[in-house]
Amino acid sequence: QLQLVQSGGGLVRPGGSLRLSCAASGFTLEHYAVGWYRQAPGEEREGVSCISPSDTGTYYEDSVKGRFTISRDVANNTVYLQMNILKAEDTAIYYCAAGPYTPCQRYYHSRQNNNYWGQGTQVTVSS
């Protein structure tokens, strides 16, 4: 079965850290660009970060630059999003998605370019 399975997330205090995982099954994730997106209540889904196939580049939105890090673990067919210095405004449901495009920052904002989507995971930043 071709799918992305997410894990991680949860409740954290402002300034804390979380790591999200996006594991692929049935296909080789390294050959795909992977994007992370988030959707806060009442808001549109927005891009957060992406990584190009074979780690040829990464991209971060200004809102998370310097705080979030996207990385790929080829052996485990997984992409991670390390989130540090979390803020209340980072609260959202986070989704990963994969698509056959490069460079990722040129295409990942168009969600229809992704072939696979994770199930979403809640991140809540609150004291």
Flag yes if V48 and L20 sit in one hydrophobic cluster, no otherwise; membership is Ile, Leu, Val, Met, Phe, Trp, Tyr, and two members link when side-chain heavy atoms are under 4.5 Å apart.
yes
Kindly indicate whether the side chain of L81, heavy atoms from C-beta on, has any atom under 4.5 Å from the side chain of S49.
yes
May I ask you to test the Y32-P53 pair for a side-chain heavy-atom distance under 4.5 Å?
no
Between atom CH2 of W117 and atom SG of C22, what is the distance when rounded to the nearest 0.5 Å?
10.5 Å
Shortest non-hydrogen contact from A40 toward A92:
N-CB, 3.8 Å
To the nearest 0.5 Å, what is the distance between OG (S21) and CG (N76)?
9.5 Å
Run the salt bridge (Lys or Arg N to Asp or Glu O under 4.0 Å) check on D90 and K87 step by step: do they pass?
CA-CA 5 Å; D90 295 318; K87 306 175 182 179; over 6 Å; no
What class does the angle between the rings of Y59 and Y108 fall in, given that below 30° is parallel, 30 to 60° is tilted and above 60° is perpendicular?
perpendicular
Side-chain donor/acceptor of Q119 to backbone N/O of Q6, under 3.5 Å
yes
Residues E61 and G47: closest non-hydrogen pair is CG-O, 3.1 Å
Say whether Y95 and L18 are linked into one hydrophobic cluster, either directly or through other cluster members, by side-chain heavy-atom distances under 4.5 angstrom.
no
Heavy-atom pair with the smallest gap, counting every atom of V123 and G9:
CG2-CA, 4.1 Å
Work out which heavy atom in N114 is nearest to a heavy atom in G99; give both atom names and the distance.
OD1-N, 3.6 Å
Aromatic ring pairing F68/Y94, orientation class (parallel under 30°, perpendicular over 60°, tilted between)
tilted
Is there a side chain to side chain contact (heavy atoms under 4.5 Å, CB included) between T91 and Q122 once you walk through the steps?
CA-CA 8 Å; T91 296; Q122 178 70 46; 4.0 Å; yes
For F27, does its backbone N or O pair with a side-chain atom of N77 as donor and acceptor, under 3.5 Å?
yes
How many angstroms lie between atom CZ of R111 and atom CD of E44, to the nearest 0.5 angstrom?
6.5 Å
Give, for atom CD1 of I93 and atom CZ of R38, the distance between the pair rounded to the nearest 0.5 Å.
13.0 Å
Donor-acceptor contact present, side-chain T102 to main-chain S52, <3.5 Å:
no
Look only at the side chain of S25 and the backbone of Q1, and say whether a donor-acceptor pair between them is shorter than 3.5 Å.
yes
A side-chain contact here means heavy atoms from C-beta on lying under 4.5 Å apart; do L4 and L29 qualify?
yes
Could you give the distance from OG (S54) to NE2 (H31), rounded to the nearest 0.5 Å?
6.0 Å
Return the orientation label for the Y107 and Y101 ring planes: parallel under 30°, perpendicular over 60°, tilted otherwise.
tilted
Please walk me through it: do I70 and V79 pass side chain to side chain contact (heavy atoms under 4.5 Å, CB included)?
CA-CA 7 Å; I70 191 170; V79 167; 3.8 Å; yes
Among the clusters formed by ILVMFWY side chains lying less than 4.5 Å apart, do V34 and V64 turn up in the same one?
yes
Taking every heavy atom of C104 against every heavy atom of A33, the minimum-distance pair comes out as CB-CB, 4.0 Å
I would like to know whether V125 and M83 meet side chain to side chain contact (heavy atoms under 4.5 Å, CB included); could you show each step before the answer?
CA-CA 11 Å; V125 185; M83 305 185 294; over 6 Å; no
Quiz item: cation-pi between R45 and Y37, 6.0 Å / 45°:
no
